[in-house]
Number of protein chains: 2
Amino acid sequence: MTTTRISSTDLIATLEDRGCRITSPRRDFIALLERKEGGFSAEELCSELPGVGRATIYRTLKLLLEAGVLCKLAMPDGAPKYTLARFDHHHHAVCVQCGLVTDFRDSTIERLMRAVGSEVPGKVVGHRLEVYMTCQGCLVSPAD
Amino acid sequence: MTTTRISSTDLIATLEDRGCRITSPRRDFIALLERKEGGFSAEELCSELPGVGRATIYRTLKLLLEAGVLCKLAMPDGAPKYTLARFDHHHHAVCVQCGLVTDFRDSTIERLMRAVGSEVPGKVVGHRLEVYMTCQGCLVSPAD
DNA sequence: TGCGTTATTGCGACTCATTCTCAAAACGTC
DNA sequence: GACGTTTTGAGAATGAGTCGCAATAACGCA
């Protein structure tokens, strides 16, 4: 369920399509993203891109978020993490130990939304679902 | 589904049960909570309780959160809101216009969790679900 | 009721994630 | 290559929340 690799070429094309200029900070940012496996934090990116200013990191993050190629999710304590979006509409199962993110799409959730829609007085306009887990790797070898 | 009123007496009893002292800032805080309909922010409480320090507001919020009588939820933009908990384990449908919170409990979500559990490699340890809506009142008279 | 112990308070400084301001630098087009 | 516009980076500002600490107030006991 977590296969599709996203190439930096695709991400650059996404920016071009939105009329953005392809600058070297953006190029570096995207090259780094391409190498990321699971979820990552903004601060992590900042320290891995020492030549790029924090503001630019956050601006680029927001840009890709708006373009729909990144997702922002929250850890149990509310700490934000980002991850590459591989499906159009999907949800995340994030490992609370190592941050690995497994995407999944499930029709049950859509059914659930319809059920809620008929139960609450008003119109459902969206939702957010995060599943927290301990991944196989962390179950086998509890890292920290 | 959003019926049960919680009285300040209950909330005070909750604090007593945890061995907390019933101080006047806490009393004021609880009296204010009792009058709240939907979700509210910490800053809102601060300005409505001018005699009580910010730190105390946040400490009391945390206390009641730990006691399980309050829930913390996130708006679509990530802004935090708090709401009184009326069920043990439940989810929220929050109006993105006025902040009204409707609680619901749905067995579909528990089914969903089991489905995800068998799909992702690892052990599901928790989840977070927020449903965003426009409530009946806001549909009828779009306030702002 | 009066006291002492201990929890709680409030202030202000601090953190963390993120946004804003604005002058300087970099793009892409002509 | 020149030029207009978009981006950038440094640092100040913001919002949510926490922390340290001296002053204060609850509660149990006599």
Side-chain angles (χ1 to χ4, degrees), chain A residues 11-33 39-67 70-83 94 99 128 130, chain B residues 8 11-32 39-67 70-83 94 99 128 130:
Chain A
L11 294 176
I12 294 202
T14 305
L15 290 185
E16 279 173 340
D17 289 353
R18 310 198 107 217
C20 295
R21 291 185 181 173
I22 309 306
T23 64
S24 64
R26 286 181 181 164
R27 226 182 275 277
D28 295 349
F29 185 101
I30 285 175
L32 177 57
L33 278 202
F40 45 86
S41 67
E43 270 330 290
E44 191 180 325
L45 298 182
C46 287
S47 58
E48 289 171 17
L49 290 171
V52 181
R54 320 167 54 64
T56 301
I57 300 279
Y58 280 101
R59 279 188 288 236
T60 311
L61 232 22
K62 194 181 213 175
L63 202 56
L64 294 175
L65 229 33
E66 279 162 8
L70 274 189
C71 293
K72 182 177 183 176
L73 49 99
M75 296 302 278
D77 65 351
K81 292 267 179 197
Y82 298 85
T83 182
V94 43
R128 169 204 299 256
E130 243 93 85
Chain B
S8 55
L11 294 177
I12 293 203
T14 304
L15 289 185
E16 280 173 338
D17 290 351
R18 309 198 107 218
C20 295
R21 291 184 182 174
I22 308 308
T23 64
S24 63
R26 287 180 179 166
R27 228 183 273 277
D28 295 350
F29 184 102
I30 284 174
L32 176 58
F40 45 86
S41 67
E43 274 327 293
E44 189 181 325
L45 298 181
C46 287
S47 59
E48 288 171 19
L49 290 170
V52 180
R54 303 166 45 68
T56 301
I57 301 280
Y58 280 102
R59 280 187 287 237
T60 310
L61 229 24
K62 193 181 213 177
L63 203 56
L64 295 175
L65 228 32
E66 279 162 9
L70 273 188
C71 292
K72 183 177 183 174
L73 51 99
M75 296 303 277
D77 65 351
K81 292 270 178 194
Y82 298 85
T83 182
V94 43
R128 169 203 299 255
E130 242 94 85

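The sequence lines fix the lettering, A, B, ..., with proteins before strands; numbering per chain opens at 1. Heavy atoms only: backbone and side chains are in, while hydrogens, waters and symmetry mates are out.
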At under 4.0 Å between heavy atoms, what does [X] touch on the DNA or RNA strands: base, sugar-phosphate, or nothing?
{"X": "B:Leu61", "answer": "nothing"}
{"X": "B:Ala42", "answer": "sugar-phosphate"}
{"X": "A:Gly78", "answer": "nothing"}
{"X": "A:Ser41", "answer": "nothing"}
{"X": "A:Arg54", "answer": "base"}
{"X": "B:Lys72", "answer": "sugar-phosphate"}

query: Just one of A:Thr14, A:Ile12, A:Ile22, A:Thr60 clears the side chain to side chain contact (heavy atoms under 4.5 Å, CB included) bar with A:Ile30, so which one?
result: A:Ile12
On the nucleotide [N], are OP1 or OP2 found under 4.0 Å from the side-chain N or O atoms that [X] carries?
{"X": "B:Tyr82", "N": "D:dA16", "answer": "no"}
{"X": "B:Arg26", "N": "C:dT9", "answer": "yes"}
{"X": "A:Tyr58", "N": "C:dT18", "answer": "yes"}
{"X": "B:Ser24", "N": "D:dA25", "answer": "no"}
{"X": "B:Lys62", "N": "D:dT18", "answer": "yes"}
{"X": "A:Thr56", "N": "D:dG9", "answer": "yes"}

Whole-Å gap separating [atom2] ([N]) and [atom1] ([X]):
{"X": "A:Leu65", "N": "C:dA17", "atom1": "CG", "atom2": "P", "result": "16 Å"}
{"X": "A:Phe29", "N": "D:dG9", "atom1": "CZ", "atom2": "C1'", "result": "16 Å"}
{"X": "A:Leu49", "N": "D:dA10", "atom1": "CG", "atom2": "P", "result": "13 Å"}
{"X": "A:Arg27", "N": "D:dT6", "atom1": "CZ", "atom2": "C1'", "result": "15 Å"}

field: Test item: A:Leu33 and A:Leu70 side chains (from C-beta on) under 4.5 Å apart, heavy atoms
entry: yes
task: Side-chain contact test, heavy atoms from C-beta onward, threshold under 4.5 Å: evaluate it for B:Leu61 versus B:Tyr82 and give yes or no.
output: yes
task: Say whether, by atom type as modelled, one donor and one acceptor occur between the side chain of B:Glu130 and the main chain of B:Ala74 under 3.5 angstrom.
output: yes
Short side-chain to backbone donor-acceptor contact, B:Arg21 and B:Leu15, under 3.5 Å: no
message: Roughly what angle, to 10°, lies between the helix axis at the start of the helix from C:dT1-D:dA30 to C:dC30-D:dG1 and the one at its end, five pairs per end?
response: 30°
message: Of the options D:dT7, C:dG10, D:dC27, whose atoms approach the side-chain atoms of B:Arg59 most closely?
response: C:dG10
- prompt: Hey, which of these two, B:Pro25 or B:Ala55, hits DNA chain D nearer its 5' end, going by closest nucleotide?
  reply: B:Ala55
query: So which one's nearest nucleotide on DNA chain D is more toward 5', A:Thr60 or B:Arg21?
result: A:Thr60
message: If I take atom CG from residue B:Leu63 and atom CG from residue B:Leu11, how far apart are they, to the nearest 0.5 angstrom?
response: 11.0 Å
